[in-house]
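Throughout, protein chains are lettered first and strands after them, A, B, ... in sequence-line order, and every chain is numbered starting at 1.
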2 protein chains.
Amino acid sequence: MPGKTTSEQIVETADRLFYEKGYEHTSFADIAAEVGISRGNFYHHFKTKDAILNAVIDLRLINTRAMLEQWEQDGQTPEDRIRCFIRILITNQTKIMEYGCPVGTLVSELAKLNHAALADANRLFTLFRDWLSLQFKALGREEDAEELAMHLLARSQGVATLANAFHDETFIRAEVDALSMWLHERAREAA
Amino acid sequence: MPGKTTSEQIVETADRLFYEKGYEHTSFADIAAEVGISRGNFYHHFKTKDAILNAVIDLRLINTRAMLEQWEQDGQTPEDRIRCFIRILITNQTKIMEYGCPVGTLVSELAKLNHAALADANRLFTLFRDWLSLQFKALGREEDAEELAMHLLARSQGVATLANAFHDETFIRAEVDALSMWLHERAREAA
DNA sequence: GACATATTAGGACGGTCGCCCTAATTTTGA
DNA sequence: TCAAAATTAGGGCGACCGTCCTAATATGTC
């Protein structure tokens with residue numbers, strides 16, 4: 001990774017490995033090996049594994065906020081913007097089928113580990129929820145915006161989980177289409 | 001646990017701990033301590049950790065089959081029976097909010113670990129899917145029974161994941177109600 | 001050029017892991 | 001009744017874990 005500091009490389013590699021192998025199953029040695037540094041050097045940048053996890057969560061929050069802002073520019077209508085969210089399931093299809101949803105699987109794992117960073121990881125979920133809620137409000141669903149946001153979030157999570165379990169591309173397409181129709185219907189009701 | 005063999009106690013304790021703490025995060029020592037036996041004794045019953053996992057998966061398959069059969073007796077119509085499935089989200093509310101769905105979280109973890117038992121664990125999903133598919137067929141939805149089954153499975157997974165993340169009881173109720181209405185609509189269309 | 005700081009490598013620490021062995025005890029059954 | 005089998009306890013093995021230390025090198029900074 002050219003033009004990146006060692007710390008950045010560590011966090012980005014940890015981000016990927018935590019997603020692909022899980023937090024607990026990823027060791028200092030794994031990350032150090034992939035970055036190409038010694039474990040001693042590693043310790044200089046991050047004192048504990050928890051510190052890396054926090055950095056990874058912060059990075060994901062930053063990247064997610066950037067993505068949401070991008071969608072606000074891409075999508076002209078709130079409906080378009082929400083559709084951007086739905087389409088992640090297609091965009092990230094391959095990775096989702098292999099590793100599930102990065103947010104959902106991390107939160108699940110941290111919940112089982114009783115890990116202190118669980119609350120931080122959950123901010124990824126609330127970030128999506130609040131953004132979706134905002135879009136639904138802009139769509140004219142002031143009353144039930146948050147419920148709609150939670151519903152959409154849940155549907156996406158479910159699709160990701162089953163896509164991971166069944167490796168079924170057709171299923172993803174069908175559910176994405178159903179979600180698009182559901183969204184359009186909610187928009188139509190509001191108008 | 002009176003009237004249970006040591007092997008049974010081990011498998012049942014492992015079943016619970018794998019659910020609550022995750023497979024990897026549960027050690028031989030954890031299980032042995034909860035059962036109240038030594039690690040040496042443990043080894044006599046199960047040579048490897050994989051063997052325990054296989055036994056746990058087998059137990060879950062057996063328990064699930066028993067539950068499905070029970071539902072076939074409880075529910076008089078296919079719609080009633082599918083509603084039994086939906087209602088697990090209410091029945092197991094507390095545990096789901098704390099640990100997520102036992103099937104979904106196990107499959108997710110094994111997928112990340114690249115564990116050989118992943119295919120076996122997935123049989124839990126296919127068991128539910130096939131049973132639901134059968135019920136939808138009995139409901140008169142021969143054409144799209146499997147899609148409906150997958151859809152319902154996904155919705156349940158999503159609800160479980162978000163219930164675990166947000167600890168929101170109201171959300172579960174709302175989604176269960178929505179699922180019930182969705183089911184009723186599918187039944188109505190068939191009739 | 002000299003000195004402080006930042007970065008790096010490599011190894012060692014205590015602890016826990018899954019796994020395995022042996023020996024004692026209990027249970028079984030011919 | 002008594003030997004075989006099943007069950008149990010307890011300890012130990014090598015490997016890996018997160019963590020930490022020291023020493024060497026690189027990078028400024030005056």
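- What separates CG of Leu113(A) from C1' of dC17(D) is a distance of 15 Å, to the nearest Å.
- Summarising the geometry, the separation between CZ on Phe42(B) and C1' on dC21(C) is reported as 17 Å, rounded to the nearest angstrom.
- Atom P of nucleotide dC19(C) and atom CG of Leu53(B) are separated by 12 Å, given to the nearest angstrom.
- In terms of phosphate contacts, Ser27(A) brings a side-chain nitrogen or oxygen within less than 4.0 Å of OP1 or OP2 of dC17(D).
- For Arg39(A) and dC13(C), the CZ to P distance is 13 Å, given to the nearest whole Å.
- Under a 4.0 Å N-O distance rule, the pair Arg141(A)/Glu147(A) does not qualify as a salt bridge.
- Dashed line: the shortest gap from a side-chain N or O of Tyr43(A) to OP1 or OP2 of dC20(D) is under 4.0 Å.
- In this structure, Ser133(A) contributes its side chain and Arg129(A) its backbone to no donor-acceptor pair below 3.5 Å.
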- Query: How far apart are the C-alpha atoms of Glu79(A) and Arg83(A), what are their side-chain angles, what is the distance that settles it, and do they pass the salt bridge (charged side-chain N to carboxylate O under 4.0 Å, His left out) test?
  - Reply: CA-CA 6 Å; Glu79(A) 190 180 337; Arg83(A) 214 176 298 276; 2.3 Å; yes

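- Nucleic acid contact for Thr26(B): sugar-phosphate only, since backbone atoms but no base atoms lie under 4.0 Å from a heavy atom of the residue.
- For the pair Glu24(B) CD and dT16(C) P, the interatomic distance rounds to 17 Å; values are reported in whole Å.
- Rounding to whole angstrom units, CZ of residue Phe28(B) and P of dA15(D) are separated by 18 Å.
- Residue His45(A) has a polar side-chain atom (N or O) positioned under 4.0 Å from OP1 or OP2 of dT8(C).
- Atom-to-atom, CZ of Phe46(B) to C1' of dC20(C) comes out at 17 Å; the value is rounded to the nearest Å.
- Of the two residues near DNA chain D, Asn41(A) and Asp30(A), the one whose nearest nucleotide lies more 5' is Asp30(A).
- Between Ile86(A) and Ser180(A), the shortest heavy-atom distance links the atoms CD1-N, 4.3 Å.
- When only modelled atom types and interatomic distance are considered, Arg155(B) and His151(B) share a side-chain donor-acceptor pair under 3.5 Å.
- The interatomic distance linking His44(A) (NE2) with dA24(D) (P) rounds to 17 Å, in whole Å.
- Between Thr6(A) and the phosphate of dT8(C), there is a side-chain N or O to OP1/OP2 separation shorter than 4.0 Å.
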